[in-house]
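Counting convention: from 1, in listed order, for ligands and their atoms alike. Because the structure is a prediction, the values reported are computed rather than measured. Every heavy atom of this structure was used, including side-chain atoms; hydrogens, water molecules and symmetry mates were not.
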Amino acid sequence: MPYEKEFAAAKKAATLAARLCKKVQKALLQSDVHSKSDKSPVTVADYGSQALVSFILERELPSEPFSLVAEEDSGDLRKESGQDTLKRITELVNDTLASEGSNSFSTLTTDDVLAAIDGGKSEGGSVGRHWVLDPIDGTKGFVRGDQYAIALALLDEGKVVLGVLACPNLPLASIGSNQQLSSSNEVGCLFFAKVGDGTYMQALGGSTQTRVHVCDIDNPEEASFFESFEAAHSSHDLSSSIAEKLGVKAPPVRIDSQAKYGALSRGDGAIYLRFPHKGYREKIWDHAAGSIVVTEAGGIAMDAAGNPLDFSKGKFLDVVSGIIVTNQKLKASLLRAVKEALNEKVSSL
Ligand SMILES: Nc1ncnc2c1ncn2[C@@H]1O[C@H](COP(=O)(O)O)[C@@H](OP(=O)(O)O)[C@H]1O
Ligand SMILES: [Mg+2]
Ligand SMILES: [Mg+2]
Ligand SMILES: [Mg+2]
């Protein structure tokens, strides 16, 4: 089976990174640092997650050339002022590796951690294989104690061939706006998808995997939609105008990170709308894992003009106006509503 080893390594790496992030988020929420808007604990988790994923992928796949496009870099950690943070990250990474319980565990030095972080310097592109990592997607949600995700994907010749999304705070039960009462309030989901093989979800703590599918709603009046919690990341005005044109009745479900793609892939909602403000360029690590999780569940991720997302152009994901995600049945009416709303916006400028 193609990509089988890579898939197993990716799941292991994302699961361990989630363990590291959970530990940091718990400490962050228990202390009062977050209320003083001290961002350093966040940095520790972002770097720690990246170091861990980079280290594990290389360790698990020793016979393959290694290329990783990841969000963070070690620049600040190499400065004098970054030494304490670097020590803290190294401890976290080692503690997490020790908790994995494998005998082959050897303690990493601060230099090993710097090297692992810098393993993420690749530029990606359309040739060969490249891992794509967002070590913490939804940093703002992470700090608030809300949703975030560890998002890891593999590109082969410019196409996403597998994706893993670890969402430590996402309930196992539906979070849709018309959710049914559920007996479970357990949180922590791992979504994973491989090209041609469908999308699966399991509890991050380990459980049997279940195949998931996007919803099959075709009437927009029954649809609900996801968008960023942060209005600075995506225009809430534009999405509400699109929803109104489409006839969506439910209020928006606002959550951080690619947990939106995960929730959509299991039918919690029918639409994800993302319209960054002028001048912002999307990065591939914010969408690569999420897009395959949704498409393998039967959905579709495209730009606002209906073009497929192109991950082959390096770090940036250039899109027309925004990104929309939905099921096949709502695609045409959603594209129409988006077009109308965008035209109105232009003519009102
Ligand atoms: N002005 C902006 N417009 C759109 N997206 C932005 C943005 N500033 C940051 N982002 C991206 O939005 C991501 C979070 O998306 P969401 O709003 O769906 O949670 C961030 O990921 P990180 O948290 O990994 O930095 C960041 O890459
Ligand atoms: Mg991100
Ligand atoms: Mg990030
Ligand atoms: Mg960031």
Side-chain angles (χ1 to χ4, degrees), residues 14 17-18 20-21 24-25 28 34 37 39-50 53 68-77 117 120 124 131-153 163-170 175 191 225-239 252-265 268-269 271-291 293-294 301 303-304 309 311 314-325:
L20 181 151
C21 294
V24 178
Q25 195 187 43
L28 175 66
H34 60 292
S37 76
K39 291 288 187 328
S40 59
V42 182
T43 328
V44 165
D46 286 351
Y47 288 130
S49 170
Q50 181 160 325
V53 171
L68 172 68
V69 187
E71 185 182 355
E72 311 301 338
D73 70 73
S74 73
D76 289 344
L77 300 175
I117 292 169
W131 290 99
V132 179
L133 171 68
D134 195 333
I136 292 189
D137 182 38
T139 304
K140 294 228 168 100
F142 180 84
V143 180
R144 250 188 273 111
D146 288 340
Q147 298 300 328
Y148 65 99
I150 293 93
L152 177 61
V164 178
L165 275 184
C167 306
N169 285 340
L170 189 68
I175 59 157
F191 296 91
F225 74 96
F226 293 108
E227 65 182 339
S228 284
F229 183 92
E230 298 286 336
H233 293 175
S234 181
S235 165
H236 289 173
D237 290 346
L238 190 55
S239 59
V253 180
R254 292 182 176 147
I255 60 168
D256 304 278
S257 85
Q258 286 168 73
K260 291 186 276 294
Y261 281 102
L264 203 134
S265 78
D268 289 9
I271 299 164
Y272 167 19
L273 299 173
R274 184 180 192 87
F275 288 90
H277 300 283
K278 212 169 164 17
Y280 183 77
R281 282 180 90 186
E282 293 280 2
K283 319 294 184 309
I284 55 172
W285 52 73
D286 280 324
H287 301 280
S291 71
V293 161
V294 158
D303 74 11
L309 303 181
F311 293 96
K315 272 184 197 183
F316 292 102
L317 180 68
D318 285 324
V319 294
V320 177
S321 300
I323 292 178
I324 54 184
V325 188

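For ligand 1 and K260, the ligand atoms under 4.0 Å from any heavy atom of the residue are 16 (P), 18 (O), 19 (O). Distances below 4.0 Å separate heavy atoms of S228 from the following atoms of ligand 1: 16 (P), 17 (O), 18 (O). Proximity to S257 (heavy-atom distance under 4.0 Å) selects the following atoms of ligand 1: 16 (P), 18 (O), 19 (O). Listed by atom number, the atoms of ligand 1 under 4.0 Å from A232 heavy atoms are 1 (N), 2 (C), 3 (N). Atom numbering of ligand 1 starts at 1 in the shown order; those under 4.0 Å from a heavy atom of D134 are 24 (O). Close approach to D137 involves these atoms of ligand 1, each under 4.0 Å from a residue heavy atom: 13 (C), 14 (C), 21 (O), 22 (P), 23 (O), 24 (O). Distances below 4.0 Å separate heavy atoms of D256 from the following atoms of ligand 1: 19 (O).
For the pair K315 (side chain) and V69 (backbone), a donor-acceptor distance under 3.5 Å is absent. For the pair H277 (side chain) and A231 (backbone), a donor-acceptor distance under 3.5 Å is present. Side-chain atoms of S265 never come within 3.5 Å of backbone atoms of V294 as a donor-acceptor pair (strictly under, hydrogens ignored).
Taking distance alone, with nitrogen or oxygen atoms compared against 3.5 Å, H277 stays at or beyond that limit from ligand 1. At a 3.5 angstrom cut-off on N or O pairs, G138 counts as close to ligand 1. Considering backbone and side-chain N/O atoms, K140 never comes within less than 3.5 Å of an N/O atom of ligand 1. For a threshold of 3.5 Å applied to N or O pairs, the pair formed by I136 and ligand 1 contains at least one separation below that value. Every N/O-N/O distance between W285 and ligand 1 stays at or above 3.5 Å. Of the polar atoms of Y280, at least one N or O is found under 3.5 Å from an N or O of ligand 1, judged by distance alone.
The ring of Y261 has its center closer than 6.0 angstrom to the ring center of Y272.
No part of E282 comes within 4.0 Å of ligand 1, judged by heavy-atom distances. In H233, the parts holding a heavy atom less than 4.0 Å from any atom of ligand 1 are both the side chain and the backbone. At a heavy-atom cutoff of 4.0 Å, ligand 1 is contacted by the side chain of E71 but not by its backbone.
Side-chain contact of Q147 with S257: a donor-acceptor pair under 3.5 Å is absent, judged by distance alone. Looking at H287 and Q258, their side chains never bring a donor and an acceptor atom within 3.5 Å of each other. A side-chain N or O of Q25 and one of N169 form a donor-acceptor pair less than 3.5 Å apart.
Across E230 and R144, no two heavy atoms sit closer than the pair OE2-NH2, 2.6 Å. Across all non-hydrogen atoms, the minimal contact from L309 to S291 is CD1-CB, 4.4 Å.
Nearest N/O/S atom of D137 with respect to the Mg ion (ligand 2) is recorded as OD1. The atom name of the N/O/S atom in E71 closest to the Mg ion (ligand 4) is OE2.
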Side chain to side chain donor-acceptor pair (under 3.5 Å) between S234 and E227, worked out: CA-CA 7 Å; S234 181; E227 65 182 339; 5.0 Å; no
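For the atom pair L133 CG and Q50 CD, the distance stands at 5.5 Å (nearest 0.5 Å).
When side chains are defined from C-beta on, W131 does not count as touching V53, because their heavy atoms never get closer than 4.5 Å.
When R274, Q147, K283 are ranked by how near their heavy atoms come to atom 13 (C) of ligand 1, first place goes to R274.
For atom 27 (O) of ligand 1, the nearest non-hydrogen atom of the protein is D286 OD2, 2.6 Å.
Rounded to 10 degrees, the OD2-metal-OD1 angle spanning D134 and D286 at the Mg ion (ligand 2) equals 90°.
Relative to the ring axis of F229, R254 does not place its NZ or CZ within 45° and under 6.0 Å from the centre.
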